[in-house]
Protein chains: 2
Amino acid sequence: MPFRIVTWNVNGIRSCVRKGFLDWLADCGADVVALQEVRCEPADLPPELSSQKRFRHASWVTARSKKGYSGVALLSRKPPLRRVDSLGEESFDREGRFLLAEFEELQVASVYFPKGSGNERDNSRVPYKLAFTEHVFDFLDRVRRREGKPIALLGDVNVAPEPIDLARPKGNEKTSGFLPEERETLARCLGRGWADAYRALEPERVQYTWWSNRFGVREKNIGWRIDHAFVTHDLLPRVRRAFIHDHVRGSDHAPMGIDLDLRETASRPARGPRAPSAAADRPRARGRAGR
Amino acid sequence: MPFRIVTWNVNGIRSCVRKGFLDWLADCGADVVALQEVRCEPADLPPELSSQKRFRHASWVTARSKKGYSGVALLSRKPPLRRVDSLGEESFDREGRFLLAEFEELQVASVYFPKGSGNERDNSRVPYKLAFTEHVFDFLDRVRRREGKPIALLGDVNVAPEPIDLARPKGNEKTSGFLPEERETLARCLGRGWADAYRALEPERVQYTWWSNRFGVREKNIGWRIDHAFVTHDLLPRVRRAFIHDHVRGSDHAPMGIDLDLRETASRPARGPRAPSAAADRPRARGRAGR
DNA sequence: CCTGCAAAG
DNA sequence: CTTTTCAGG
């Protein structure tokens, strides 16, 4: 049995529950579920969700800046050894965008990266988004050096890394989510020892994780791949599958995830940080379509 | 063919249109339709409503104080000779609660009386509501003296006149809508030459025009009769029927109305104000259940 | 509970 | 377009 981690920007957990979130949760086969944009305080969660038994361990992070805004969560079948809900920077922490949980074999982060644009293409929040991105990777790299345990960062990154990752790359070079500076910042951060698990395992596959609510754009599959599973290089050889469940409804995002084979690391926890694999040493070799 | 006037607090005309308002409008058999709480500027009306052909003449009054608040309208099959949308008092006019239209045979007002209570039973707006009530009747009495033409005032009056007019009179003597001062003010105004057409024609009948949205109160018929057709005494003998269509859905209020026989007044417009009829001279005789 | 608004996505 | 919150009813 692989260890499955799934991420989903639910765009309001209460709305998503009304559209069948609990059935999805029961059937998703995950060991850990990362959620973003829950837009709900724990006290206001639907009782059916709070009393749900399959994921006994749930951790919710709420935005302090504004009610009903942002918020992330991690649900797991086994109890986490440790939870971190602060990036050590109030301007980021107040928006409820980050949660890290440590398990036996690895650490899992649920992260909701800022959107960058307000209305249309004013792109006023791009600087904040870039600073957040740098900060998250700095933070996780530090955690990783200190703990020596692999990390999987899953969440809504709000960046399509390459032209293959959105239906209309040409028309969106000035749209936040596909700006050169956003792609460069993300590539630089990933270059410090991370892999985009989906693209590594599916070099040519065209699937999206987000579609605008407006018009009938999802039916025409005019979307973006902006929800990601980024894994530290030591974890990449253990990724057996990476998937986007773009048929799942309930949000303007689709869930995506990875299956990990943790047999060896799980049985040898005392072994310490693994040396980077060959694939991990050459992130450029992880296969990008269009090159 | 009687002349039918119908009133309906639609609680948002756009919402009501989504729930079948146009089918109702086509079938209601009215010559004049008075609406309250349209909560929509004319420019934002659904196109299906704006292009509707049955009621060619429509007049919309919008609240200036707040977008999406209050607002009344009058729709008619024949063009009004004159329209009045000001009570001559800015504190009332700004809330878009009054519209008067003059037709050949009579004048019709669509009026949305203030609610009196904010949340629950703070009753903070009761003084404003009483002042509005006095002002509307003063205004219409003046119009009537000047023009000598009968008036029908239809709308959401937000007062249940007598215990028979609400399901829970005992428990609501401190609730706005059934406060002694509200009932007294209304009775005093009506006493100056007006009749509650529904109660005059249906002395014993128990029907309501409003039910709270909360709980399943409408199914249990725990309601209030607060939408009324008040007619000047010269008009009362011409009222053939008064009805509440409490089966009609689409709002938390039900439509109600009156059928008038205008043959005589219509054929003899030069006759001037009619002398009050016997019934009009004794409003106490109009039959109140529970006395 | 339901409407329409505003901010955000 | 859709989710929240909010005021108002």
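Here the structure is a predicted model, which means the values were calculated and not measured. Proteins get letters first, then strands, A, B, ... in listed order; numbering begins at 1 in each.
Here the C1' atom of nucleotide C:dA8 and the CG atom of A:Asn9 are 13 Å apart, to the nearest Å. In this entry the distance linking CZ of A:Arg249 with P of D:dC1 reads 16 Å, nearest Å. If you measure from atom CG of B:Asp156 to atom C1' of D:dG8, you get 14 Å, rounded to the nearest angstrom. Atom-to-atom, CZ of A:Arg39 to P of C:dA7 comes out at 14 Å; the value is rounded to the nearest Å. The separation between B:Gln36 atom CD and D:dG9 atom P is 14 Å, rounded to whole Å. The distance between atom CD1 of B:Ile226 and atom P of D:dG9, rounded to the nearest whole Å, is 12 Å. For B:Tyr128 and D:dG8, the OH to C1' distance is 14 Å, given to the nearest whole Å. With rounding to whole Å, A:Asn11 atom CG is found 15 Å from C:dA8 atom P.
Taking 4.0 Å as the cut-off between side-chain N and carboxylate O, B:Glu162 and B:Arg183 count as a salt-bridged pair.
Each of A:Asp44 and A:Phe215 was assigned the nucleotide of DNA chain D with the nearest heavy atom; the assignment lying further toward the 5' end belongs to A:Phe215. Toward the 5′ end of DNA chain D lies the nearest nucleotide of A:Asn213, the other residue of the pair A:Asn213 and B:Asn158 mapping further downstream.
Looking only at side-chain heavy atoms (C-beta outward), B:Val157 and B:Leu186 come within less than 4.5 Å of each other.
For B:Phe98 and B:Tyr112, the ring centers are positioned 6.0 Å apart or more. For A:Tyr198 and A:His228, the gap between ring centers reaches or exceeds 6.0 Å. When ring centroids are compared, A:Phe113 and A:Phe132 come within the 6.0 Å threshold. Taking the six-membered ring for Trp and the full ring otherwise, the centers of A:Trp224 and A:Trp211 sit at least 6.0 Å from each other.
Of the candidates D:dG9, D:dT2, D:dT5, the closest approach to any side-chain atom of B:Glu37 belongs to D:dG9. When the nucleotides C:dC5, C:dC1, C:dG9 are ranked by their closest atom to the side chain of A:Tyr112, C:dG9 comes out on top. Among the nucleotides D:dT2, D:dT4, C:dG4, the one closest to the side chain of A:Arg18 is D:dT4. Candidate nucleotides D:dT3, C:dC2, C:dG4 were compared by shortest atom distance to the side chain of A:Lys19, and D:dT3 ranks first. Among the nucleotides D:dG9, C:dG4, D:dT4, the one closest to the side chain of B:Arg125 is D:dG9.
OP1 or OP2 of D:dT5 has at least one side-chain nitrogen or oxygen of A:Arg14 nearer than 4.0 Å. Taking 4.0 angstrom as the limit, A:Ser212 places none of its side-chain polar atoms (N or O) nearer than this to OP1 or OP2 of D:dC1.
Each of B:Asp246, B:Asp165, B:Asp156 was checked for a salt bridge (Lys or Arg N to Asp or Glu O under 4.0 Å) with B:Arg225, and the lone residue meeting it is B:Asp165.
With B:Ser70 contributing its side chain and B:Arg97 its backbone, the two residues share no donor-acceptor pair below 3.5 Å.
Within 3.5 Å, a donor on the side chain of A:Arg214 pairs with an acceptor on the base of C:dG9, or the reverse.
Taken residue by residue, residues 60-69 of chain B places heavy atoms nearer than 4.0 Å to DNA chain C at B:Lys67, B:Gly68.
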